[in-house]
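As structure tokens, the structure follows; a few thoughts come after it.
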Amino acid sequence: MLMVKHMKRIKEEFIEFKLLLRSIPSLVTVLFVTSIIAMNLLANKSIDLNTPYLALDGGIIVSWITFLTMDIITKHFGPKAASEVSLLALLVSLFFSLIFFLVSLIPGTWSQSYLDGSQNIINEAIDNTFQGTWYVILGSGIAFIISALVNNFTNYGLGLLFKKKPNSLLAFITRTYLSTMLGQFVDNLVFALLVSYFFFGWTILQCVTCALTGMAVELICEIIFSFFGYKITQKWQKEEVGKEYFAYKLERKTH
């Protein structure tokens with residue numbers, strides 16, 4: 001009896017998840033997934049800040065897209081939905097990491113390596129970049145999942161403070177700014193401690209300042225682009241995006 005109950009719940013969760021994927025506009029999902037794939041690649045490059053106290057990697061250039069899309073999904077569909085999509089996006093990213101790795105093993109020459117006397121060195125370097133390393137991929141995955149949960153549930157919790165005007169611009173930017181700051185700090189710090197500290201030789205100070213600097217850069221990007229995120233959530237609400245998904249969730253609650 002208990003097994004049947006669990007199987008029924010798993011089936012219902014799967015149906016709910018399929019409805020969620022069908023409900024989220026495809027452009028948002030595409031931006032979300034591709035930004036995570038791009039972060040994994042760009043994280044291979046450290047940004048030179050000409051100081052021993054600060055450190056950043058190239059992933060910060062696109063990470064604001066990841067957190068802004070997560071905030072949009074959380075605002076409209078809730079933290080559970082955003083976390084489920086985050087897990088799916090991570091799995092897709094890992095799948096493409098495997099594809100990149102397999103391509104790097106195929107004999108051949110990258111177009112950028114045609115330089116007299118340096119073909120083999122450059123070609124091998126590019127292969128290694130696309131191969132990635134197990135610790136970068138693992139560290140990035142762990143950091144992203146932890147930060148996604150922190151971001152999504154912080155965003156949702158902050159939204160509860162605006163019961164009178166939950167859909168106001170003030171409510172949206174408060175939720176977005178604070179949750180993204182915390183989520184980005186956690187993402188950068190966990191990745192830095194798991195990967196950069198042990199494998200890249202960063203100091204603890206650099207790990208912390210990287211997290212703080214990344215948080216500051218992320219906040220600036222959120223300030224610039226969050227208004228577009230707010231307008232998207234307003235549009236989704238007006239057009240009743242996800243109507244079928246919400247109806248199914250309500251049906252599950254009432255049974």
Side-chain angles (χ1 to χ4, degrees), residues 20 23-25 27-29 31-36 38-39 43 56-57 59-90 93 140-193 207-237 241-242 245-246:
L20 173 65
S23 300
I24 300 175
L27 180 59
V28 172
T29 304
L31 283 173
F32 185 41
V33 174
T34 53
S35 68
I36 295 173
M39 275 199 302
L56 281 177
D57 62 68
I60 193 66
I61 303 299
V62 296
S63 62
W64 65 270
I65 300 176
T66 303
F67 282 90
L68 181 59
T69 49
M70 271 198 297
D71 288 337
I72 292 171
I73 295 172
T74 300
K75 171 63 179 68
H76 192 77
F77 292 97
K80 178 189 173 186
S83 298
E84 289 175 343
V85 176
S86 298
L87 180 58
L88 175 65
L90 176 61
S93 175
S140 178
I142 294 174
F144 173 70
I145 284 298
I146 294 175
S147 65
L149 292 173
V150 170
N151 178 85
N152 298 339
F153 284 93
T154 300
N155 186 296
Y156 176 76
L158 289 169
L160 298 178
L161 301 177
F162 295 87
K163 294 182 179 180
K164 293 184 178 180
K165 295 183 178 181
N167 299 316
S168 66
L169 177 60
L170 177 61
F172 182 81
I173 62 175
T174 300
R175 295 174 62 163
T176 301
Y177 292 179
L178 296 181
S179 65
T180 299
M181 286 173 62
L182 183 57
Q184 182 66 35
F185 177 80
V186 170
D187 183 50
N188 285 334
L189 185 61
V190 172
F191 180 80
L193 291 175
C207 292
V208 174
T209 54
C210 170
L212 291 172
T213 306
M215 181 181 73
V217 173
E218 186 71 29
L219 177 59
I220 293 172
C221 292
E222 285 288 344
I223 292 173
I224 295 172
F225 296 102
S226 61
F227 180 74
F228 298 102
Y230 172 70
K231 298 303 288 186
I232 289 172
T233 59
Q234 293 287 91
K235 187 172 183 290
W236 284 7
Q237 185 178 15
V241 171
Y245 169 77
F246 291 119

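No donor-acceptor distance shorter than 3.5 angstrom exists from the side chain of His76 to the backbone of Gly242, with no hydrogens or angles considered. Without hydrogens or angle criteria, Tyr230 side chain to Asn167 main chain gives a donor-acceptor distance under 3.5 Å. Side-chain N or O atoms of Asn152 include one that pairs as donor or acceptor with a backbone N or O of Ala148 at under 3.5 Å. Checked by atom type and distance alone, the side chain of Ser93 never pairs as donor or acceptor with a backbone atom of Ala89 at under 3.5 Å.
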Given the rule in the side-chain contact (heavy atoms from CB on, under 4.5 Å) test, do Phe191 and Ser147 qualify, once you have shown the distances and angles that lead to the verdict? CA-CA 10 Å; Phe191 180 80; Ser147 65; over 6 Å; no
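Here the closest heavy-atom approach between residue Val62 and residue Ser35 is recorded as CG2-O, 3.7 Å. Heavy-atom minimum distance, Phe185 versus Val208: CE1-O, 4.4 Å. Contact detail for Pro166 and Ala171: the closest heavy-atom pair is O-CB, 3.7 Å. When all heavy atoms are compared, the tightest approach of Ile223 to Tyr177 is CA-OH, 3.5 Å. Across all their heavy atoms, Leu170 and Thr174 have their closest contact at O-OG1, 2.7 Å.
Identified under the salt bridge (charged side-chain N to carboxylate O under 4.0 Å, His left out) test for residues 63-88, with sequence neighbours left out: Glu13-Lys80, Glu16-Lys80.
Checking each of Leu193, Val186, Asn188 against Val190 for a side-chain contact (heavy atoms from CB on, under 4.5 Å) leaves exactly one that passes, namely Val186. Paired with Arg175 under the rule side-chain hydrogen bond (donor to acceptor under 3.5 Å, both in side chains), one option of Thr154, Asn155, Thr74 passes, and it is Asn155.
Note that OG1 of Thr29 is 6.0 Å distant from CD1 of Ile73, once rounded to the nearest 0.5 Å. Residue Asn151 holds its CG atom at 9.0 Å from OG of Ser83, rounded to the nearest 0.5 Å. Interatomic distance, Leu149 CG to Phe144 CZ, rounded to the nearest 0.5 Å: 9.0 Å. To the nearest 0.5 Å, atom CD of residue Glu218 and atom CG of residue Leu68 are 8.5 Å apart. In this structure, the separation between CD1 on Ile142 and CG on Asp187 is 12.0 Å, given to the nearest 0.5 Å. Separating the SG atom in Cys221 from the CD1 atom in Ile65 is a distance of 9.0 Å, to the nearest 0.5 Å.
Proximity of Ile24 to Phe32: side-chain heavy atoms (C-beta onward) are nowhere separated by under 4.5 Å. Counting heavy atoms from C-beta on, the side chains of Trp236 and Pro25 come closer than 4.5 Å. No side-chain heavy atom of Thr180 sits under 4.5 Å from any side-chain heavy atom of Met70.
Applying the salt bridge (Lys or Arg N to Asp or Glu O under 4.0 Å) criterion to Lys235, with sequence neighbours excluded, gives Glu239.
Classification of the Phe246-Phe77 ring pair by plane angle, with boundaries at 30° and 60°, yields parallel.
Taking the six-membered ring for Trp and the full ring otherwise, Phe172 and Phe227 have centroids separated by 6.0 Å or more.
Atom CZ of Phe162 has more than 12 neighbouring heavy atoms from other residues, nucleotides or ligands inside a 6.0 Å radius.
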